K.L.:
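Right, I'll just put the structure down here and ask away after.
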Amino acid sequence: MSKVSVTLNVAGIPIKIKVSSQDEGYIRNGAKSLNNIVADYTKIGPEKEYGYYLALAALQSAAQVEKLSKELNLLKECDERLEKLLEP
């Protein structure tokens, strides 16, 4: 698996990282998503420090990952049950 150098701007912070070429799109989309969430929060209340909005965006993203992880585990359990039912 080849690595590529990626330079991103996340919440105004330049970040240069090396990622697998397979993950590059996910990393870029994740950065874009974080930037969009931060931008939405700053429109609501620009009186807070910028780091506060970045923390809110990270928390929102982490909660979404947690929810999707739980849903994936439930799907895996259902799949295992179905496989057992279909066994001869």
Side-chain angles (χ1 to χ4, degrees):
M1 187 178 315
S2 66
K3 296 269 186 178
V4 293
S5 235
V6 177
T7 302
L8 304 165
N9 187 326
V10 179
I13 302 166
I15 299 173
K16 187 171 184 173
I17 57 173
K18 286 192 177 195
V19 297
S20 72
S21 56
Q22 288 180 318
D23 290 344
E24 181 183 1
Y26 297 119
I27 297 292
R28 289 187 184 280
N29 287 339
K32 183 178 179 181
S33 178
L34 276 175
N35 287 331
N36 288 339
I37 294 168
V38 168
D40 289 344
Y41 279 129
T42 58
K43 289 176 190 171
I44 294 170
E47 68 280 351
K48 300 279 187 186
E49 289 182 24
Y50 201 72
Y52 178 81
Y53 299 114
L54 183 55
L56 284 175
L59 182 59
Q60 181 178 335
S61 296
Q64 186 176 13
V65 167
E66 187 67 26
K67 180 182 176 186
L68 291 172
S69 180
K70 187 174 182 176
E71 290 175 2
L72 179 61
N73 286 335
L74 288 172
L75 287 172
K76 286 179 180 178
E77 288 175 16
C78 289
D79 186 51
E80 289 172 6
R81 290 180 189 162
L82 283 173
E83 283 185 17
K84 285 182 182 178
L85 288 172
L86 294 174
E87 287 178 356

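All of these numbers come straight from a predicted model, not from anything done at the bench.
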K.L.:
Please check if the side chain of D23 supplies one atom and the backbone of Y26 the other of a donor-acceptor pair under 3.5 Å.
P.N.:
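No, because the side chain of D23 does not come within donor-acceptor range (under 3.5 Å) of the backbone of Y26.
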
K.L.:
Can you tell me how far CG of L82 sits from CG of L75, rounded to the nearest 0.5 angstrom?
P.N.:
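L75 CG to L82 CG: 10.5 Å, rounded to 0.5 Å.
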
K.L.:
Should E80 and K76 count as an ion pair when the cut-off is N to O under 4.0 Å?
P.N.:
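Result for this pair is no, no salt bridge flagged.
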
K.L.:
For the hydrophobic clusters of this structure (ILVMFWY residues joined by side-chain heavy atoms under 4.5 Å, transitively), does one cluster hold both V65 and L34?
P.N.:
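No, separate clusters.
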
K.L.:
Does atom OH (Y50) have a neighbourhood of more than 12 heavy atoms from anything else shown, all under 6.0 Å?
P.N.:
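Buried by this count: over 12 neighbours within 6.0 Å.
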
K.L.:
Kindly determine whether Q60 and L56 satisfy side-chain contact (heavy atoms from CB on, under 4.5 Å), including the steps that lead there.
P.N.:
CA-CA 6 Å; Q60 181 178 335; L56 284 175; over 6 Å; no

K.L.:
Identify the heavy atoms of V38 and L54 that sit nearest to each other, and give their distance.
P.N.:
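What the structure gives for the nearest pair is CG2-CA, 3.8 Å.
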
K.L.:
What's the shortest heavy-atom distance between K3 and S20, and which atoms?
P.N.:
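So the two residues come closest at CD-N, 3.9 Å.
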
K.L.:
Would you give the length of the straight line joining atom CG of L72 to atom CD of E77, rounded to the nearest 0.5 angstrom?
P.N.:
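It is 10.5 Å, given to the nearest 0.5 Å.
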
K.L.:
Tell me whether the count of non-hydrogen atoms from other residues, nucleotides or ligands lying under 6.0 Å of CD in E71 goes above 12.
P.N.:
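Yes, because the 6.0 Å sphere around CD of E71 holds more than 12 heavy atoms from other groups.
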
K.L.:
Hey, does P14 have a side-chain heavy atom less than 4.5 Å from the side chain of L8?
P.N.:
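Of all side-chain heavy-atom pairs linking P14 with L8, none is under 4.5 Å.
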
K.L.:
Check whether any side-chain heavy atom of I15 lies under 4.5 Å from a side-chain heavy atom of I17, and answer yes or no.
P.N.:
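The answer is yes; the side chains approach within 4.5 Å.
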
K.L.:
With a 4.5 Å limit on heavy-atom distance, are the side chains of E24 and R28 in contact?
P.N.:
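In short, these two side chains touch, coming nearer than 4.5 Å.
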
K.L.:
Do the side chains of S69 and N73 get nearer than 4.5 Å, heavy atoms only?
P.N.:
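Contact flag for N73/S69 side chains = yes.
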
K.L.:
Say you draw a straight line from CD1 of I37 to OG1 of T42; how long is it, rounded to the nearest 0.5 Å?
P.N.:
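One finds 12.0 Å between CD1 of I37 and OG1 of T42.
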
K.L.:
Find the distance between NZ (K70) and NZ (K67) and round it off to the nearest 0.5 Å.
P.N.:
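Atom-to-atom, K70:NZ and K67:NZ are 10.5 Å apart.
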
K.L.:
Would you say Y52 and I13 are hydrophobically clustered, going by side-chain heavy atoms of ILVMFWY under 4.5 Å?
P.N.:
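Yes; tracing contacts between hydrophobic side chains, which count when under 4.5 Å, links both residues.
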
